[in-house]
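Below, read A as the first sequence line, B as the second, and so on, with proteins coming before strands; counting in each chain starts at 1. Keep in mind that the numbers below use all heavy atoms, side chains included, and drop hydrogens, waters and symmetry copies.
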Protein chains: 2
Amino acid sequence: MLTDAFENSVSRFSMRTTPSVCESAFTHPIRLMATPMSFPRNTEIHGEGEPADYFYEIVSGAVRSFKMLMDGRRQIGAFYLPGDLIGLDTGEEYTFSAEAVTNTKVLVIKRSAVISLAARDSEFARQLWTVTTRELRRARLHALLLFKSAPERVAGFLLEMSDRIQSNDEVELPMSRQDIADYLGLTIETVSRMLTQLEKASAIALPTSKRIVLRNREVLKRLVA
Amino acid sequence: MLTDAFENSVSRFSMRTTPSVCESAFTHPIRLMATPMSFPRNTEIHGEGEPADYFYEIVSGAVRSFKMLMDGRRQIGAFYLPGDLIGLDTGEEYTFSAEAVTNTKVLVIKRSAVISLAARDSEFARQLWTVTTRELRRARLHALLLFKSAPERVAGFLLEMSDRIQSNDEVELPMSRQDIADYLGLTIETVSRMLTQLEKASAIALPTSKRIVLRNREVLKRLVA
DNA sequence: CGACCATTTGATATGGATCAAGCGATGTGG
DNA sequence: CCACATCGCTTGATCCATATCAAATGGTCG
């Protein structure tokens with residue numbers, strides 16, 4: 001059940017994003033087979049190693065998928081935003097855990113239903129393949145970021161998020177510094193330092209810690225090389 | 001044209017790998033639409049930014065896909081071995097360049113032919129999606145490696161290669177130390193040091209610089225956590 | 001045998017981690 | 001409405017893993 005606060009925060013967030021970003025992954029009637037569901041901030045959507053019976057399409061909010069290592073390190077493999085589909089990188093079992101970063105609404109869709117629809121409907125199959133290759137390109141981009149220096153990683157992250165959240169040069173990040181750090185393979189201290197460094201170089205402004213204004217995309221792009 | 005030396009090296013390599021690894025990505029008659037082609041060591045298969053008109057299925061040899069940064073750094077995004085399909089992470093244009101690591105034979109397949117076959121043949125479409133999700137899982141695994149320390153990356157790399165080349169605990173690496181370094185985001189010196197360190201810990205043996213014997217997989221697995 | 005290139009080994013430098021405060025929002029109880 | 005506790009973020013000081021620079025070794029091909 002949703003609290004009022006949740007509803008408010010979700011609708012506020014949704015209104016900030018442009019319609020195009022919120023579009024479904026599919027135009028096909030897969031939504032008829034989908035169950036809407038809500039996950040409060042920081043709750044688990046699925047665990048690593050569980051049978052991968054469902055896809056989740058993000059309607060609003062944000063999700064992190066991650067692995068915990070024995071020594072306590074956490075590696076975030078991806079963030080999912082409205083329109084994205086969770087569970088594509090999956091065989092029999094989920095290879096990552098997934099948690100809501102903010103209060104999040106999803107459509108839960110049976111994997112088996114998707115697969116059997118794809119078998120019957122070639123246009124749907126094509127769409128499924130297209131979103132999978134897009135996910136693959138994103139994963140490759142993420143890997144490339146991890147080759148780079150700390151300032152480059154942070155600049156690349158900001159550009160990625162501003163592309164995906166799409167709101168003219170002002171981005172409201174849904175995730176904490178710790179989330180960013182675990183996605184970029186850095187510490188929160190380093191992420192913070194790089195942000196202030198970018199601010200001093202007037203590449204960005206930080207009206208609040210989660211709201212980021214991209215003042216000079218060229219500087220950021222030059223950094224990511 | 002193939003030199004004798006090339007033929008020899010290819011067949012030697014092929015005999016070392018088990019049949020299962022050399023199987024085609026597809027069981028379907030896509031091969032009928034494919035053109036066999038050979039690329040000598042270190043030649044370009046396709047360049048970044050070129051129109052992505054073809055898939056390439058590796059028959060024998062090995063391929064690296066990579067990006068060059070302005071400052072001369074090279075980032076290897078993936079290695080492709082027999083049975084793998086190149087070009088899945090691609091929209092209109094190739095997002096990476098691809099070069100033969102060793103003399104390599106491929107099947108060249110028109111993208112348009114694959115896409116139209118997938119539209120007509122749902123079993124083929126399913127196979128195409130399956131190889132794409134496998135590629136996605138590999139890309140995620142690669143990203144995870146890049147979070148880790150140098151010894152962990154090298155250990156993880158050796159385990160990945162021994163999985164993919166499959167030959168009981170003795171692996172003939174097709175790629176140079178520089179290739180490994182550019183895949184792991186390390187320098188050749190560090191890769192070399194980590195290998196000698198693993199050798200001293202009797203986790204591996206190095207009969208020659210490219211041939212690696214996995215003496216103790218447990219030590220390696222413990223490292224990658 | 002000798003030249004060349006890849007790899008290993010050694011010495012030093014540095015970017016980011018770690019350790020340690022300080023600061024600023026947000027919320028809570030008095 | 002304000003003191004104050006809490007939590008997330010920023011800033012500062014030091015340390016360490018890996019890069020960088022430099023040289024030695026080894027393997028391959030003429």
Give the intermediate values and the outcome of side chain to side chain contact (heavy atoms under 4.5 Å, CB included) for residues L88(B) and T90(B). CA-CA 5 Å; L88(B) 292 169; T90(B) 280; over 6 Å; no
Can you tell me how far the [atom1] atom of [X] sits from the [atom2] atom of [Y], to the nearest 0.5 Å?
X	Y	atom1	atom2	value
L186(B)	S192(B)	CG	OG	12.0 Å
K67(A)	L144(B)	NZ	CG	6.0 Å
R134(B)	L136(B)	CZ	CG	12.0 Å

Taking all non-hydrogen atoms of both residues into account, name the closest pair between [X] and [Y] and its distance.
X	Y	value
G77(A)	H142(A)	O-ND1, 3.2 Å
T95(B)	D89(B)	OG1-O, 3.2 Å
S167(A)	V171(A)	OG-CA, 4.2 Å

Integer-rounded Å distance: [N] [atom2] and [X] [atom1]:
X	N	atom1	atom2	answer
L173(A)	dG8(D)	CG	P	16 Å
R211(B)	dT28(D)	CZ	P	12 Å
M175(A)	dC9(D)	CE	P	12 Å
K210(B)	dC5(C)	NZ	C1'	11 Å
I180(A)	dG8(D)	CD1	P	14 Å
Q178(B)	dC5(C)	CD	C1'	13 Å
R177(B)	dG26(D)	CZ	P	15 Å

Just distance, no hydrogens or angles: give the donor-acceptor pairs under 3.5 Å from side chains in residues 149-160 of chain B, sequence neighbours left out.
| from | atom 1 | to | atom 2 | distance (Å) |
| --- | --- | --- | --- | --- |
| S149(B) | OG | E152(B) | OE1 | 3.0 |
| E152(B) | OE1 | R73(A) | NH1 | 3.4 |
| E152(B) | OE1 | S149(B) | N | 2.8 |
| E152(B) | OE2 | R73(A) | NH2 | 2.9 |
| R153(B) | NE | K148(B) | O | 2.7 |
| R153(B) | NH1 | L184(B) | O | 2.6 |
| R153(B) | NH1 | G185(B) | O | 3.4 |
| R153(B) | NH2 | L146(B) | O | 3.4 |
| R153(B) | NH2 | K148(B) | O | 3.2 |
| E160(B) | OE1 | Y183(B) | OH | 2.9 |
| E160(B) | OE2 | R164(B) | NH1 | 2.9 |
| E160(B) | OE2 | Y183(B) | OH | 3.4 |

How is S176(A) classified with respect to the nucleic acid when contacts are heavy atoms under 4.0 Å: base, sugar-phosphate, or nothing?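 Counting heavy atoms under 4.0 Å across all strands, the contact made by S176(A) is with sugar-phosphate only.
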Indicate, with a heavy-atom threshold strictly under 4.0 Å, whether S192(A) touches base, sugar-phosphate, or nothing.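 Base contact.
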After noting the C-alpha distance and the side-chain angles of N42(B) and R64(B), does the key distance pass the side chain to side chain donor-acceptor pair (under 3.5 Å) rule? CA-CA 9 Å; N42(B) 292 329; R64(B) 57 181 168 254; 2.9 Å; yes
Base versus backbone protein contacts along nucleotides 16-24 of chain D [heavy-atom cut-off under 4.0 Å; B, S, -]: --SSBB---
Can you check side chain to side chain contact (heavy atoms under 4.5 Å, CB included) on R140(B) and E135(B), steps first, answer last? CA-CA 9 Å; R140(B) 288 255 147 84; E135(B) 197 64 12; over 6 Å; no
Could you go through H46(A) and F96(A), starting from their C-alpha distance and side-chain angles, then the distance that decides it, and tell me whether this counts as ring pair (Phe, Tyr, Trp, His ring centres under 6.0 Å)? CA-CA 8 Å; H46(A) 66 245; F96(A) 289 82; 9.2 Å; no
Pull out every protein N or O sitting under 3.5 Å from an N or O of nucleotides 23-27 of chain C, one pair per line with the distance.
none

Residues R217(B) and S162(B): side-chain donor-acceptor under 3.5 angstrom: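 Checked: R217(B)/S162(B) side chains pair up, N/O donor to acceptor below 3.5 Å.
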Give me the residues of residues 195-202 of chain B where at least one heavy atom lies under 4.0 Å from an atom of DNA chain C, by number, or none.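 Of all residues in residues 195-202 of chain B, the ones placing a heavy atom under 4.0 Å from DNA chain C are T196(B).
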Under 4.0 Å between a Lys/Arg side-chain N and an Asp/Glu carboxylate O for R74(B) and D179(B)?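 Yes.
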To the nearest 10 degrees, what angle separates the axes at the start and end of the helix from dC1(C)-dG30(D) to dG30(C)-dC1(D), five pairs each?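 Between the first-five-pair axis and the last-five-pair axis there is 30°.
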Looking at residues at least two apart in the chain, or sitting in another chain, which of them share a ring pair (Phe, Tyr, Trp, His ring centres under 6.0 Å) with F66(B)?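 Listed in chain order: nothing, the list is empty.
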